[in-house]
Amino acid sequence: MSANPSEPSGEIIEQLKQQLDLTERQLGTTKQRLQYAELKIQVLEERLRLKRIQMYGPGSEKLSNEQLELLELEPGVSTAEVQAESAREPVQPAEKRVRQHPGRQTLPAELPRVERVIGCTDEQCVCGGCGRETTVIGYEESEQLDVEPAKYFVVVTKREKRACKSCEERGVLAAPLPPRIIEKSLVSDRVVIDTVVSKYADHCPLYRQSAMLERDSGVELSRQTLDGWVLRVGELLMPLAEALRQELLRGSYLQADETPVGVQMHDGNGSDHLAYLWQYGQPHGAVVFDFRMGRGREGPKHFLGNFDGLLQSDGYAVYDSVGGPKMVHACCWSHARRKFVEAVQLHPQDAQAVRIVRLIDELFAIDAEARTANLDHAARHILRSKKAPALLEEIKAAVSAARATSLPASALGKAANYTLALWPKLTRFLEYPELELSNNLAENSMRPVALGRKNWIHIGSQQAGPKAAAILSVVETCRRMNIPVRQYLAAVLPGLAETPIHRLPQFTPIVWASQNR
């Protein structure tokens, strides 16, 4: 029997199957390309949003992509306008409770009080009913913070001179001068100290201080003159900063961080060299800055020497092979959290990133509970051992899941890879009770450098770098330890150049403060 001519032959059916398979493969390839394109677009959108946030400041983090796009159509928009828009509170439901006012702020009790009595008027001193004189029965008191502007004056120092009228050959004797920071200087030690503190604690550049001095006192002193004072103070403080370094290394726990700073090279190119200030400190203790022309391993290797304690830092690889053979390297949860927060800022609806940030916040809440209860390290360790392990397992599982479903180049993918790569160092706080979850205290010590960098722009030369680092070490240690920096500098700087090296540990801020309470 012959085949039905209306039915397709086997050859045609096979061709149709091949075409169908080819179409399915092409569709699969197209789907894969589409998925890849979508992920690539996501990464590019993340980079664009991050660039816009960097352009318009931290306040723009709360703005949507559409709002950020509109900002680019207004090139004259100011940072203040961006912050005002982002700070605007959304309309709250009517049933939401109104936030209570915290009440009037009180002024510090340790500030001196100057009383000013305001008497009643003549009409108030006479009773309106009987016409007799009224009696003072008390006072209604109020307090306001006041200030006396800086007052410049000239100190005239008269040194007594003596001579024996019977022994003229013995000559004349004059009272010895007390030691000064800068011998034969036109200004007193207090003016020199004020200049240093204004630059490195209040971030006021020298050219501005020179203009203020001329305006308020009528004395014209160039920026170069003020710069000479600062360099002299830095030179005097360098051996003291070394004594402070030795004091730090005798401890068992250090936090470290680094930040870039421009250095004027005077080589005719007109561009600054990118140097670094490395900061090492004890939590709630002393701080030492170390100036280095680069960001290589030589800096921390030289500073730490054979340090065998705990070193906490970010994930920068140079910290891995420094210190002594027994040194333990721990990492910072704030750095890990910050990367997931960045992912949330780029994609506020990303449930995975939002959940990971919430879980890390719960980890920090354990230490917050310990601080509220005023627990010591041993008691905090017990609390951590009870609550943290299960939470850490949940965090690790969530981060692993995020890495598996994210493009490696995306913000979430980078955050997951960073956290999992450092996981053993992030969990070391379970073994060491004194270890903090983060080295935020070290980062806080970098803020004066960042603020100053915006004002004094750069360090004047490579030779000035170690001197600036020594000044920053003393100023920041005094700030951390609540030591009055002007009082401290006035006490230790005069005569410091003649102080033997072996006595310098007696003059570090912490030792000085303990002896002068």
Side-chain angles (χ1 to χ4, degrees), residues 181 192-206 209 226-227 229-249 254-264 272-293 295 299-300 302-303 439-490 492-493 496 504 507-510 512-513:
I181 298 173
V192 173
I193 290 170
D194 187 69
T195 302
V196 172
V197 174
S198 294
K199 177 173 181 177
Y200 288 102
D202 303 326
H203 326 298
C204 185
L206 296 181
Q209 291 190 54
L226 274 62
D227 189 53
W229 302 346
V230 172
L231 291 177
R232 176 56 178 161
V233 170
E235 184 181 3
L236 290 171
L237 291 178
M238 283 176 62
L240 194 64
E242 175 60 25
L244 200 57
R245 168 179 168 265
Q246 296 297 333
E247 190 177 278
L248 277 181
L249 294 178
L254 290 180
Q255 294 180 328
D257 200 7
E258 76 284 340
T259 190
V261 61
V263 178
Q264 206 170 10
D272 288 348
H273 174 80
L274 188 64
Y276 283 84
L277 280 170
W278 299 71
Q279 180 263 311
Y280 306 86
Q282 294 172 342
H284 309 289
V287 176
V288 176
F289 287 85
D290 185 36
F291 174 81
R292 294 284 161 178
M293 291 296 285
R295 203 186 177 205
H302 176 268
F303 186 95
N439 65 341
N440 280 345
L441 290 171
E443 289 196 339
N444 289 343
S445 293
M446 287 300 193
R447 289 181 181 177
V449 178
L451 290 172
R453 201 166 44 207
K454 295 179 181 179
N455 290 276
W456 39 258
I457 304 176
H458 51 216
I459 293 175
S461 68
Q462 181 176 349
Q463 293 72 27
K467 299 173 184 178
I471 296 173
L472 284 166
S473 300
V474 170
V475 169
E476 182 60 18
T477 297
C478 287
R479 185 193 69 83
R480 271 198 180 192
M481 306 302 296
N482 200 25
I483 298 170
V485 63
R486 284 182 171 85
Q487 183 181 343
Y488 169 73
L489 291 175
V492 302
L493 279 176
L496 190 61
L504 286 177
F507 296 95
T508 60
I510 297 174
W512 179 87

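- Residues meeting the side chain to side chain donor-acceptor pair (under 3.5 Å) test with Asp290, sequence neighbours left out: Arg292.
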Tabulate below the donor-acceptor pairs under 3.5 Å that side-chain atoms of residues 467-477 make, not counting sequence neighbours, or state none.
| residue | atom | partner | partner atom | Å |
| --- | --- | --- | --- | --- |
| Ser473 | OG | Phe289 | N | 2.8 |
| Ser473 | OG | Ala469 | O | 2.7 |
| Glu476 | OE1 | Arg479 | NE | 3.0 |
| Glu476 | OE2 | Ser445 | OG | 3.2 |
| Glu476 | OE2 | Arg479 | NE | 3.0 |
| Glu476 | OE2 | Arg479 | NH2 | 2.5 |
| Thr477 | OG1 | Val287 | N | 3.0 |
| Thr477 | OG1 | Val287 | O | 3.0 |
| Thr477 | OG1 | Ser473 | O | 2.7 |

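- Taking all atoms of both residues into account, the shortest heavy-atom contact from Ile483 to Tyr488 is CG2-CB, 4.2 Å.
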Stepwise side chain to side chain contact (heavy atoms under 4.5 Å, CB included) test for Gln246 and Glu242: CA-CA 6 Å; Gln246 296 297 333; Glu242 175 60 25; 2.9 Å; yes
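- Residues forming a ring-ring contact (aromatic ring centres under 6.0 Å, His included) with Tyr276 (at least two apart in sequence, or on another chain): none.
- In plain terms, the two heavy atoms of Pro260 and Leu274 that are nearest each other are CB-CD1, 3.5 Å.
- The structure places CG of Leu248 at 5.0 Å from CD of Gln282, a figure rounded to the nearest 0.5 Å.
- For the pair Val485 and Cys478, the tightest heavy-atom approach, listed with the atom from each and the gap, is CB-CB, 4.0 Å.
- Taken from CG in Asn439 to CG in Leu254, the straight-line distance is 11.5 Å, to the nearest 0.5 Å.
- Minimum interatomic distance between Gly285 and Arg480 (heavy atoms only, all atoms of both residues): O-CD, 3.1 Å.
- Counting heavy atoms from C-beta outward, Leu496 and Ile181 have side chains that stay 4.5 Å or more apart.
- The structure places CG of Leu206 at 9.5 Å from CH2 of Trp229, a figure rounded to the nearest 0.5 Å.
- Residues Leu226 and Gln209 approach most closely at CD2-CB, 3.9 Å, considering heavy atoms.
- In terms of heavy atoms, Ile459 sits closest to Gly465 at CG2-N, 3.8 Å.
- You'll find the side chain of Asp272 stays beyond 4.5 Å of the side chain of Val263, heavy atoms only.
- Among residues at least two apart or in separate chains, there is no ring pair (Phe, Tyr, Trp, His ring centres under 6.0 Å) pair with a member in residues 461-485.
- Partners of Gln463 under the side chain to side chain contact (heavy atoms under 4.5 Å, CB included) rule, at least two apart in sequence or in another chain, are Ser461.
- Residues passing the side chain to side chain contact (heavy atoms under 4.5 Å, CB included) test with Ile510, sequence neighbours excluded: Glu247, Ala286, Met481.
- Contact annotation: the side chain of Gln255 approaches that of Pro283 to within less than 4.5 Å [non-hydrogen atoms, C-beta and beyond].
- Using bins of under 30°, 30° to 60° and over 60° for the plane-to-plane angle, the ring pair Tyr280/Phe303 lands in the parallel bin.
- A distance of 9.5 Å separates OG1 of Thr259 from CZ of Arg295, quoted to the nearest 0.5 Å.
- Here Leu231 contributes atom CG and Leu236 contributes atom CG; the two are 11.0 Å apart, rounded to the nearest 0.5 Å.
- The CD atom of Gln264 sits 13.5 Å away from the NE2 atom of His273 when rounded to the nearest 0.5 Å.
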